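Structure, as structure tokens:
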Protein chains: 2
Amino acid sequence: MTTAAPLPLRERKKAETWGALHESAASLALQHGVDETTVEAIAASAGVSPRTFFNYFHVKEDAILGLREPVLEPAQLSRISVTADDLVGQISRLLVTVAWTAIGGTDRARRRQLIARYPNLARRHMDYMVKAERLVSQGISGLLAQDPVWAAGAEGFGPEEAARMLVMIAGVPIRFNITSADFDPVEGISAETLGPSLTLLHDLLRKIS
Amino acid sequence: MTTAAPLPLRERKKAETWGALHESAASLALQHGVDETTVEAIAASAGVSPRTFFNYFHVKEDAILGLREPVLEPAQLSRISVTADDLVGQISRLLVTVAWTAIGGTDRARRRQLIARYPNLARRHMDYMVKAERLVSQGISGLLAQDPVWAAGAEGFGPEEAARMLVMIAGVPIRFNITSADFDPVEGISAETLGPSLTLLHDLLRKIS
DNA sequence: ATGCATCACTGCAAGTATGCATTTGCGCAA
DNA sequence: TTGCGCAAATGCATACTTGCAGTGATGCAT
């Protein structure tokens, strides 16, 4: 949370603009409502042109919540062991961290208020899950290809296919949590909340196979 | 395929307008390209106002492909047996039929050309899968609640939760197919193409559990 | 310090999409 | 057949979103 390295001026101004837009968007949305807050007003409040707004955020809702594009760090990927027996659990946890790097804003209380008042804002989480799954699929695919057990693959399926489906399976408990009525979009998904879903997944898999 | 009952004039005109819009959209998109075909042009060609276009289609792409909103018929749901041992397979097939009722247009060859030339059009299939999953989840939830074995549920999870996760699991092979490089968006998913994915799913589940 | 390449920002234009109020035309019953 | 209720269609206003071209500030090498 401390300003670690003195970023180059260009980077710093970019971060400032991002922050100003997010701050303006969240603040205005809380004061006047989401639908009443126009991109034009947000941009004006942040001191940039409306066109610039869309250079920072795809959609208005992302600015209000302070969402960034998911990114998969190589370091995160390297912590995966494809030979461990809880591979699905590992991938689930990785998916969570990737999808939740998306959250950039700092003011949790305000985000909570906003989502409580405008539940539609939370819908964007599913989009980020889709993006996270795509990123992680590619990463896991590379890992499996390097592993002798997985590289061979089964009948007609290679590591790419196995990775894609593994990640989809691992995504199920997360999607399950996201769509739960009592899902907390602000806190996201922790080991605590993911655990029961993974258990249910395994219970069902045993029951149906 | 025969014009069964002489629909009331109102219904018939509605169907005609739908057809005219779809026909215009597909035809114009094929001639001049998707991006070059504006909603205004489609509406003009169909003889309605641009505003009316959006009373029939959420997005331009749906009009071009002739996509309708997914619907779950009670009859389809009643064919599900929650006690059979291939419940996941049953749900997968149901999901396919629900998501693919979305396809309404008739000219398969033209749709094939369009999707081949503009692959982005096929992206909408995932959206329809999400809607189909939501519909089917509700339906399966009702079925499970009536079944003594499922109604009890596991630790802390009721039939609603079980249904939601079962449907997500059943959706995995379909999502897998949709995201495959050689997926054919026009033919959709048949028993032939779904089978191998279900097999891979079961193989992986065995390997990881 | 100078010059150059890059990147952020901007204005403009076009197109997509939605809400609201109004009009038009079908369906139905007196 | 006349009139009423309702659904479809429309016009209008507004907002979201993207592409493109141009401008200016930043970063960097000389």
Side-chain angles (χ1 to χ4, degrees), chain A residues 5-26 28-29 31-65 67-69 104 118 120-121 123-124 127 131, chain B residues 5-26 28-29 31-65 67-69 118 120-121 123-124 127-128 131:
Chain A
L7 290 170
L9 175 56
R10 204 174 235 172
E11 303 282 327
R12 214 185 60 206
K13 291 186 85 170
K14 207 164 125 177
E16 278 171 9
T17 302
W18 189 95
L21 283 170
H22 166 45
E23 174 58 31
S24 299
L28 289 174
Q31 286 180 52
H32 309 120
V34 168
D35 289 340
E36 288 69 30
T37 302
T38 67
V39 169
E40 195 181 342
I42 296 170
S45 167
V48 297
S49 80
R51 185 64 185 82
T52 297
F53 175 90
F54 289 104
N55 292 338
Y56 283 84
F57 299 98
H58 292 317
V59 298
K60 189 173 67 171
E61 285 71 22
D62 284 1
I64 293 174
L65 293 180
L67 266 36
R68 301 175 190 277
E69 286 291 290
Y118 310 99
N120 285 357
L121 288 175
R123 286 200 200 156
R124 304 244 352 109
D127 293 85
K131 294 180 181 178
Chain B
L7 289 170
L9 177 55
R10 205 174 233 171
E11 301 283 327
R12 215 185 59 206
K13 291 189 84 169
K14 207 165 124 177
E16 277 171 9
T17 303
W18 189 96
L21 283 169
H22 167 46
E23 173 59 32
S24 300
L28 289 173
Q31 286 180 52
H32 310 119
V34 168
D35 289 340
E36 287 69 29
T37 301
T38 68
V39 169
E40 195 181 342
I42 295 170
S45 167
V48 297
S49 80
R51 185 62 186 83
T52 296
F53 173 92
F54 289 105
N55 292 338
Y56 283 83
F57 299 98
H58 292 318
V59 297
K60 188 173 68 171
E61 285 71 22
D62 284 1
I64 294 174
L65 294 180
L67 265 37
R68 302 175 188 277
E69 288 290 292
Y118 310 99
N120 285 357
L121 288 175
R123 286 199 199 158
R124 304 237 1 104
D127 293 86
Y128 282 92
K131 294 180 181 178

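Computed from heavy atoms alone, side chains included, the values below leave out hydrogens, waters and symmetry copies. Keep in mind that this is a model prediction, so the values were computed, not measured. Order of the sequence lines fixes the chain letters, A, B, ..., with proteins taken first and strands second; residue numbering starts at 1 for each chain.
Atom CD in Glu16(A) sits roughly 14 Å away from atom P in dA8(C) (whole-Å rounding). When rounded to the nearest whole Å, the span between CG of Asn120(A) and P of dT18(C) equals 13 Å. Nucleotide dT18(C) holds its P atom 17 Å from the CD atom of Glu36(A), rounded to whole Å. Rounded to an integer number of Å, the gap from NZ of Lys14(A) to P of dG27(D) is 12 Å. Nucleotide dT16(C) holds its P atom 16 Å from the CZ atom of Phe54(A), rounded to whole Å. If you take CG of Asn55(B) and C1' of dG19(C), they are 11 Å apart, rounded to a whole angstrom. Here the C1' atom of nucleotide dG15(C) and the CG atom of Asp35(B) are 10 Å apart, to the nearest Å. Residue Arg124(B) contributes atom CZ, which lies 13 Å from atom C1' of dT16(C) at whole-angstrom precision.
For the pair Ser45(B) (side chain) and Ala41(B) (backbone), a donor-acceptor distance under 3.5 Å is absent. The main-chain N or O of Leu28(B) is found under 3.5 Å from a side-chain atom of Thr37(B) such that the two form a donor-acceptor pair.
Residues Ala43(A) and Leu21(A) share a closest heavy-atom pair of CA-CD2, 4.2 Å. Contact record, Phe53(A) with Lys60(A): CZ-CA, 3.9 Å, taken as the closest heavy-atom pair.
Picking from dC7(C), dT16(C), dG5(D) the nucleotide with the shortest atom distance to the side chain of Arg10(B) gives dG5(D). Listed candidates were dT16(C), dT17(D), dA8(D). Nearest to the side chain of Tyr56(B) is dA8(D).
Residues Tyr56(A) and Lys14(A) are in side-chain contact: their nearest non-hydrogen atoms beyond the backbone lie under 4.5 Å apart. The shortest side-chain heavy-atom distance between Leu65(B) and Phe57(B) does not fall under the 4.5 Å cut-off.
For the segment residues 40-53 of chain B, the set of residues with a heavy atom within less than 4.0 Å of an atom of DNA chain C comprises Arg51(B), in numerical order.
Here the NE2 atom belonging to His22(A) is positioned 9.0 Å from the CG atom belonging to Leu67(A), to the nearest 0.5 angstrom.
One finds a side-chain N or O of Lys13(B) lying less than 4.0 angstrom from the OP1 or OP2 phosphate oxygen of dC26(C). For Thr17(B) and dA8(D), the shortest distance from a side-chain N or O to OP1 or OP2 is not below 4.0 Å.
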